[in-house]
Number of protein chains: 4
Amino acid sequence: MSQQDKMIEELFHNADELTEKQKKIVAAAIDSFAEKGFAATSTSEIAKKAGVAEGTIFRHYKTKKDLLVAIVAPTMAKLIAPFVIKDLNKVLHQDFERFEDFIKAFIENRIKFLKNNMPLFRILIQEIPFQPELREQFKEHIAQKVFERLRQIVEHYQAKGQIIEMPSDTVIRMAASTIFGYIIARYLLAPEAEWDDDTEIERTIQLLMNGLSP
Amino acid sequence: MSQQDKMIEELFHNADELTEKQKKIVAAAIDSFAEKGFAATSTSEIAKKAGVAEGTIFRHYKTKKDLLVAIVAPTMAKLIAPFVIKDLNKVLHQDFERFEDFIKAFIENRIKFLKNNMPLFRILIQEIPFQPELREQFKEHIAQKVFERLRQIVEHYQAKGQIIEMPSDTVIRMAASTIFGYIIARYLLAPEAEWDDDTEIERTIQLLMNGLSP
Amino acid sequence: MSQQDKMIEELFHNADELTEKQKKIVAAAIDSFAEKGFAATSTSEIAKKAGVAEGTIFRHYKTKKDLLVAIVAPTMAKLIAPFVIKDLNKVLHQDFERFEDFIKAFIENRIKFLKNNMPLFRILIQEIPFQPELREQFKEHIAQKVFERLRQIVEHYQAKGQIIEMPSDTVIRMAASTIFGYIIARYLLAPEAEWDDDTEIERTIQLLMNGLSP
Amino acid sequence: MSQQDKMIEELFHNADELTEKQKKIVAAAIDSFAEKGFAATSTSEIAKKAGVAEGTIFRHYKTKKDLLVAIVAPTMAKLIAPFVIKDLNKVLHQDFERFEDFIKAFIENRIKFLKNNMPLFRILIQEIPFQPELREQFKEHIAQKVFERLRQIVEHYQAKGQIIEMPSDTVIRMAASTIFGYIIARYLLAPEAEWDDDTEIERTIQLLMNGLSP
DNA sequence: CATGAATGAGGGTTCATTCAT
DNA sequence: TATGAATGAACCCTCATTCAT
């Protein structure tokens with residue numbers, strides 16, 4: 001079972017109602033969407049790559065855009081899953097006394113997830129600007145739920161005197177920039193370069209810690 | 001003369017051989033490419049928006065992709081212009097004794113440029129992943145020339161003991177993440193939000209200074 | 001049991017081998033064919049309306065056109081049934097001494113039949129122009145058998161001096177025009193209008209009687 | 001110049017803005033629509049028959065249905081043109097003292113028109129039941145304007161004691177049935193048969209005169 | 001130089017029909 | 001017998017590009 005298959009398994013197995021053909025369609029679509037973009041990918045190309053008839057795609061997904069949404073929506077959900085668990089505060093108290101520990105665990109966890117789902121992440125960030133439907137979902141989930149949580153977390157550590165006093169939104173923006181900057185550089189811009197991942201992550205965290213400490 | 005016109009004037013006037021019609025075509029194309037993406041924009045739409053016949057576009061630009069390149073290439077050139085001036089080192093010595101001063105001046109200068117050319121910047125980052133031709137230009141110019149220069153600058157300030165000892169690439173990546181993170185958040189993700197720009201930039205620089213100081 | 005069901009019962013029960021599902025298919029097909037025409041009706045639509053799987057249709061009718069023929073053929077047969085009874089002449093002598101009585105009884109009988117089968121009649125006249133197969137059947141049955149009989153009837157009453165001397169085909173055409181004209185106006189063109197049916201039929205017969213009397 | 005061409009010339013020349021290609025498209029469409037029906041005719045077939053590229057059709061007619069409407073609408077207009085002239089009453093008084101003269105002139109005029117435009121008439125009556133847009137136009141023009149006029153005419157001759165006292169709608173229905181019955185039989189059902197047109201029309205008028213005289 | 005009619009390949013989607021279950 | 005997933009040809013329509021005017 002390939003990495004691609006595992007990725008699909010992980011993201012879509014939940015619903016568990018994906019036909020074998022459907023999985024092939026999804027895999028082919030992810031491939032092409034990530035490489036050439038949604039608009040420049042033809043359904044006939046997806047069908048050929050998936051080894052199914054073009055009509056089969058439309059039996060499972062009413063439109064080409066439906067196929068995109070069916071791919072991106074669960075990706076978005078999984079990406080933000082850690083932020084919507086109920087007892088996040090308890091977790092913070094018990095497991096992460098220090099902000100540094102938290103951010104470290106958090107970065108490692110999300111990087112691992114994204115590394116395993118890079119083509120999906122790529123589609124996500126490439127298509128959100130163009131698809132109002134995705135943008136809506138994104139705003140609703142990220143802007144409202146996730147941001148809410150992140151603010152709480154920042155304020156939690158600010159209250160403990162571990163983060164500089166500064167609007168939480170600014171803190172979030174800076175942390176996010178740093179983290180996504182690393183991921184994008186590492187996996188999208190220069191995936192071929194040699195990376196000492198542990199050290200790079202370590203340094204990235206250091207930047208944040210130095211920059212955000214009171 | 002509108003902001004849009006000035007932007008075009010600034011970027012394309014150099015060549016100076018742009019017909020009135022050509023300018024309208026470029027303006028319309030920038031508009032549509034930024035909004036819907038290159039692949040999802042039709043030449044007929046551009047023609048209509050520009051108020052010219054469809055054939056006129058192809059008289060000036062052999063293909064639709066040529067039009068894109070004609071738009072993106074000078075943008076890229078202008079964006080990196082400050083890095084390719086000859087006597088950069090002299091400038092550094094004379095004007096920016098401290099790294100903080102340099103980064104401050106630099107950020108402000110480039111942000112101003114991008115703010116005035118946001119649709120172009122948008123097209124740039126949205127289409128580079130899909131257009132091999134653009135990617136090639138990007139790699140050649142950025143990866144080779146700009147990166148070269150940035151390394152020199154970082155090492156210049158490291159030698160002066162103002163930047164932590166760390167591979168210069170890492171320093172560049174972190175600085176770039178932070179700066180672009182701000183620009184993208186400010187102008188693309190949440191342009192409608194209220195931003196206290198000066199303070200935000202100030203804080204962003206502080207993050208970098210704290211994080212990168214020895 | 002609805003009117004629709006009765007209609008189907010009457011027309012198809014003879015063969016008597018219609019499954020429950022088959023009846024539903026036929027009912028759904030009649031509905032859609034009458035409303036949107038044969039060519040514009042999809043088998044999937046029929047299947048959905050009938051509450052069966054698409055495959056089921058093709059188990060009973062080899063092609064979509066077969067389904068149409070299976071619907072239209074018996075309709076045509078029933079429509080012309082009165083003309084193919086063997087002892088028509090005997091009937092004429094015994095029951096209808098006067099042409100007026102005959103035409104009255106005849107009109108009322110056929111109008112009643114068509115009223116009960118209006119969607120079928122609609123399909124009949126709408127699809128015959130387009131389906132060579134139906135046209136063939138129509139010609140064979142109507143043009144040859146029915147016309148033959150009608151000529152005999154006309155000549156029968158001409159011999160009795162009750163119909164003007166005139167080619168029988170012309171008489172038939174004029175009578176048919178008048179009768180079908182009424183039916184089409186009454187049930188297809190203006191079914192919503194208020195109609196005093198008895199009076200209208202009475203007047204229509206008067207027109208014919210006045211027009212065809214010697 | 002063929003009969004087909006003349007027909008098109010007559011119906012569409014007014015607007016006068018039909019390209020040579022457009023005329024070919026219209027001619028081909030009339031041909032196919034009349035023969036196989038609108039829904040069963042493909043645009044590729046029309047293009048091939050017209051000797052143009054498929055795209056050319058859509059440059060002139062936004063959709064396939066637009067093409068149909070562009071064909072049927074002027075036909076309908078021409079068909080009812082005689083009813084919308086302003087001084088119809090004056091015409092009646094001056095030229096047609098007797099109802100018989102009027103109906104004779106009228107029938108001959110409209111039959112001549114329809115004979116020259118039979119494929120168009122065919123499309124008209126075959127597609128009106130399926131195309132709400134056409135039905136709407138038909139209702140608006142025929143039901144409202146034409147019917148209004150016909151009622152006036154009937155009442156005009158009733159007042160002169162030349163038509164039996166009877167609701168004018170009934171008179172119209174019967175006259176229309178008879179006339180269209182002739183046309184349909186003559187040109188659509190049995191165009192191959194030998195017809196003595198003058199005699200048939202004479203007899204048809206006699207039927208009406210006898211039937212409608214007081 | 002500018003036009004816009006014309007092109008035909010290719011787009012997304014629907015369809016009647018088949019066949020393994 | 002009934003199903004409905006699968007098919008791929010054909011559908012209507014859009015597109016980037018050409019070229020005569």
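To find a chain, count down the sequence lines: A is the first, B the second, and so on, and within it residues start at 1.
Under the Watson-Crick or G-U wobble criterion, with both distances below 3.5 Å, E:dT21 is paired with F:dA2. Shown here, F:dA10 forms a base pair with E:dT13; the pair counts as Watson-Crick or G-U wobble because both key distances fall under 3.5 Å. Remark: F:dA16 base-pairs with E:dT7; criterion is Watson-Crick or G-U wobble with both hydrogen-bond distances under 3.5 Å.
With D:Gln22 contributing its side chain and D:Thr19 its backbone, the two residues share a donor-acceptor pair below 3.5 Å. Side chain of C:Thr41 to main chain of C:Gly37: a donor-acceptor pair is present (N/O by atom type, distance under 3.5 Å, no hydrogens or angles). Listed for the A:Lys64 side chain is a donor-acceptor partner under 3.5 Å among the backbone atoms of A:Phe38. Formation of a donor-acceptor pair under 3.5 Å by the B:Glu54 side chain with backbone atoms of B:Ala47 is not found in this model.
Straight-line distance from the NZ atom of B:Lys21 to the C1' atom of E:dC1: 9 Å, rounded to whole Å. The CD1-C1' distance, from C:Ile57 to F:dT1, rounds to 15 Å in whole Å. Atom CD1 of A:Ile25 and atom P of F:dG8 are 13 Å apart (whole Å). Summarising the geometry, the separation between NZ on C:Lys23 and C1' on F:dA2 is reported as 18 Å, rounded to the nearest angstrom. Atom C1' of nucleotide E:dC1 and atom CG of B:Leu18 are separated by 15 Å, given to the nearest angstrom. For the pair C:Lys24 NZ and F:dA2 P, the interatomic distance rounds to 11 Å; values are reported in whole Å.
Looking at heavy atoms from C-beta onward, D:Met76 lies out of side-chain contact with D:Leu134 at the 4.5 angstrom threshold.
Within the 4.0 Å cut-off from OP1 or OP2 of F:dA6, at least one side-chain nitrogen or oxygen of A:His60 is found.
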- Task: For the pair B:Lys36 and B:Glu45, evaluate side-chain contact (heavy atoms from CB on, under 4.5 Å) and give the outcome as yes or no after the intermediate values.
- Result: CA-CA 11 Å; B:Lys36 331 171 41 180; B:Glu45 181 193 338; 3.1 Å; yes
- Contact string for nucleotides 11-17 of chain E, one letter per nucleotide 5' to 3', B = base within protein heavy-atom range under 4.0 Å, S = sugar-phosphate only, - = neither, reads SBBBSBB
